[in-house]
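One structure is given below, encoded as structure tokens.
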Amino acid sequence: MEKLDGKSMDIVEQNIEQLKELFPEVFAEGKIKFDQLQELLGNYVVEDEDHYNFTWHGKRKAGRLAQTPSTGTLRPCKEESVDWDTTQNLFIEGDNLEVLKLLQKSYHRQVKMIYIDPPYNTGKEFIYPDRFQDNLDTYLKYTGQLDDDGYKFSTNTDSTGRYHTNWLNMMYPRLKLARNLLRDDGVIFISIDDNEQANLKKICDDVFGELNFLTDIIWQKKYAPQNDAKYFSDSHEHILCYAKNIDSFSIGLLPRTKEANSRYKNPDNDPRGPWKSSDLTRQEYRPRDDYEITNPKTGKKFSPPKGCSWGRPQETVEEMIGDNRIWFGSDGNSVPSIKRFLSEVKQGITPQTIWERKDVGDTQEGKKLIKEYLGNVSIFETAKPPRLIQRQLLVSNVADEDIVLDFFAGSGSAAEAVMRSETKARYILVQLPEKCDEKTEAYKASYETVADICKERIRRAAKKIQEENPDCKGDFGFKVLKLDSSNIRRWEADFDTLEQDLLNAVDYIKQDRSSEDVLYELLLKYGLDLTVPIETRTIAGKTVYSIGMGALVACLEKDVSMDVVNGIGGLKEELQPEIMRVVFKDEGFKDDVVKTNALQTLKRYGIEDIKSL
């Protein structure tokens, strides 16, 4: 019976498998024949060292960090969740690098839109100190789950000598992992200021491909000038926007405004409805389009202005006149123009690259909203207004059941934006439990971490939205999961503690872990959605979990008998999943005979994927 390991998806192995599908001929005895691969790629291989390349100290190590599997897991926390049994939303507390690794199997190519508001690297914000090794241990020490008194993360000041480098090394592996999660028609938005905009653009070109760059949105983040500014008063931020695959991405239109629609009138009571006139002339001379247009009702003739020509061929204009699509004015003596009907124009407005505060809000609005929810406890001076992210949802064409990811959740604005949207989209938020300074009002109000503030903001925002829209049937809950080390003990024998290590090897599930903890680790290992329904059954006196209508069945009890095994086979016949996978504890069987027979019995029921912990 094959055993499950305690690591997340191996991205290098996955990349190799994809390469095998594209170029099977370049593999020999499990190795890649690069000479043959280069021959197949032809002129697309860079052969000289003079080509443009964006690099910095530590880039290769940072890239390898994204490929290193995580040994962590996500533990369920029902007591901090809302609507645990029904919600499709997730709030994950932990270092987002490790969390992104853990999400690779369950959400690979599943996310429609990503929005992140990462640290801007001004020298004041919190920076994630990736050590290129033992990243999970670093996180566990920071959160007090491993003994290391006084362990804390520092800010990234310009006096370190690696100011931009540290920031790039933090962002690079996270963006690489994020790209893996995007659907082919997915899109990512990243907020940034002038300090790192140029570097972020280059790093995104590297990760997403410069051909997939959509735009650099300029967001008016504030209105009033800052009179104490040394040079210019900073009134904007950037939002870089990249598609996963620009050929698959479709831009969403913004709703037409009443002001835009009011320009359409119907002075001639045309049955096709309101219209507005549009110039028929072309501001250049084309001899073919220099002709007279005659108003059939008055007989008056019109020629194009000197140096210009008509914008349509003569035969086309004559057809339009016959279809009442040319307007000669209410008295019939005006220069002919084209009637453009409201019913025939695009039922939306193409997004522009400048987003004004009157349309999407500003930082003052974001800050004011959090104060409304939480009082004076906010530590978010530049919180994003939900309206800003709601516009991103619109232009991304986010629809029902689509997943929106924010792995720098901060104040939780993305969650509120999704809840306020007109779709039934889902969100996944990731936030580090960064400790609140003891001097802050947030800490005095019993908020120990930024994650605590974020969760409470989402709860209160959900309540307010429901009060404003009592008939709304949206999903206002969220499941809280927390990053931790694997539930399965690793074999790390030490001569001085060998006896205890041997005992731990027998009882390899950590003592402080519950069956639900183990279940969620199984979801990650098998790549199942973390909001999939879990049903509890009792078979022959033992608890059996049916996950996703039988997609995965787990029995984590001891003394498992053949009655339990046959009962699981009966579940296969009852639920009839396309594939059923079954997991037992390795030492959970009544004896070795049951363990041996279990494999053969389950195979007779058509269950081939059987593993042990």
Side-chain angles (χ1 to χ4, degrees), residues 113-117 120 187-195 197 214-229 231-241 251-265 274 276 342 345-374 378 380-398 404 406 408 410-423 425 427 457-458 460-461 464-465 467-469 472:
M113 185 191 112
I114 296 174
Y115 170 68
I116 55 172
D117 184 16
Y120 284 5
V187 61
I188 183 170
F189 296 87
I190 309 173
S191 284
I192 200 69
D193 66 359
D194 287 331
N195 192 49
Q197 186 274 346
L214 290 171
T215 192
D216 178 359
I217 297 164
I218 302 303
W219 170 49
Q220 184 187 15
K221 68 175 183 178
K222 59 185 178 183
Y223 174 70
Q226 187 177 335
N227 291 324
D228 61 350
Y231 299 112
F232 289 90
S233 179
D234 184 13
S235 299
H236 76 280
E237 286 183 5
H238 304 265
I239 304 175
L240 294 185
C241 182
I251 193 77
L253 300 177
L254 302 179
R256 293 187 62 85
T257 64
K258 290 182 180 179
E259 179 186 358
N261 289 343
S262 68
R263 301 188 188 110
Y264 291 78
K265 309 292 183 182
K276 70 175 183 177
L342 178 60
V345 300
K346 281 198 300 188
Q347 295 306 299
I349 299 173
T350 300
Q352 294 180 290
T353 57
I354 297 178
W355 291 7
E356 298 181 62
R357 56 185 291 276
K358 66 181 177 64
D359 299 318
V360 297
D362 53 18
T363 52
Q364 187 64 27
E365 179 178 314
K367 186 177 178 180
K368 181 181 178 181
L369 196 58
I370 297 175
K371 184 177 180 180
E372 181 182 328
Y373 293 139
L374 303 173
S378 176
F380 304 104
E381 293 298 320
T382 58
K384 300 299 182 287
R387 287 199 293 157
L388 178 68
I389 305 170
Q390 282 179 265
R391 172 165 287 194
Q392 295 170 22
L393 297 173
L394 281 173
V395 301
S396 302
N397 273 322
V398 170
V404 176
D406 180 356
F408 286 97
S411 64
S413 294
E416 181 168 351
V418 171
M419 290 189 290
R420 288 189 177 277
S421 71
E422 296 182 1
T423 69
Y427 65 76
R457 183 265 178 90
I458 299 171
R460 298 192 185 188
K464 181 181 180 183
I465 296 169
E467 289 172 350
E468 294 171 346
N469 306 276
C472 182

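The first residue in the sequence is number 1, and the count goes up from there.
Pairing each heavy atom of Val418 with each of Ala425, the nearest pair is CG1-O, 3.6 Å. Closest approach of Arg387 and Glu365 over heavy atoms only: NH2-OE1, 2.8 Å. For the pair Leu369 and Arg457, the tightest heavy-atom approach, listed with the atom from each and the gap, is CD2-NH2, 3.9 Å. Taking both residues in full, the closest heavy atoms of Val345 and Leu342 are given as CG2-O, 3.2 Å, listed atom of the first, atom of the second, then distance. The heavy-atom pair separating Tyr115 from Ser191 by the smallest distance is OH-OG, 2.7 Å. Across all non-hydrogen atoms, the minimal contact from Pro385 to Trp219 is CD-CZ2, 3.8 Å.
Atoms CD and CG, from Gln220 and Asp359 in turn, are 9.5 Å apart once rounded to the nearest 0.5 Å. The line from OH of Tyr223 to CD of Glu356 is 11.5 Å long, rounded to the nearest 0.5 Å. Note that the CE atom of Met113 and the CG atom of Asp406 stand 8.5 Å from one another [nearest 0.5 Å].
A 6.0 Å sphere centred on CD of Gln197 holds more than 12 heavy atoms belonging to other residues, nucleotides or ligands. Counting heavy-atom neighbours within 6.0 Å of Ile349 CD1, excluding the residue itself, gives a total above 12.
A salt bridge between Arg420 and Glu468 is present, with a side-chain N of the basic residue lying under 4.0 Å from a carboxylate O of the acidic one.
A 4.5 Å side-chain heavy-atom check between Thr423 and Leu393 finds every atom pair outside the cut-off.
Residue pairs satisfying the side chain to side chain donor-acceptor pair (under 3.5 Å) criterion with at least one member in residues 345-355, sequence neighbours excluded, are listed as follows: Lys346-Thr350.
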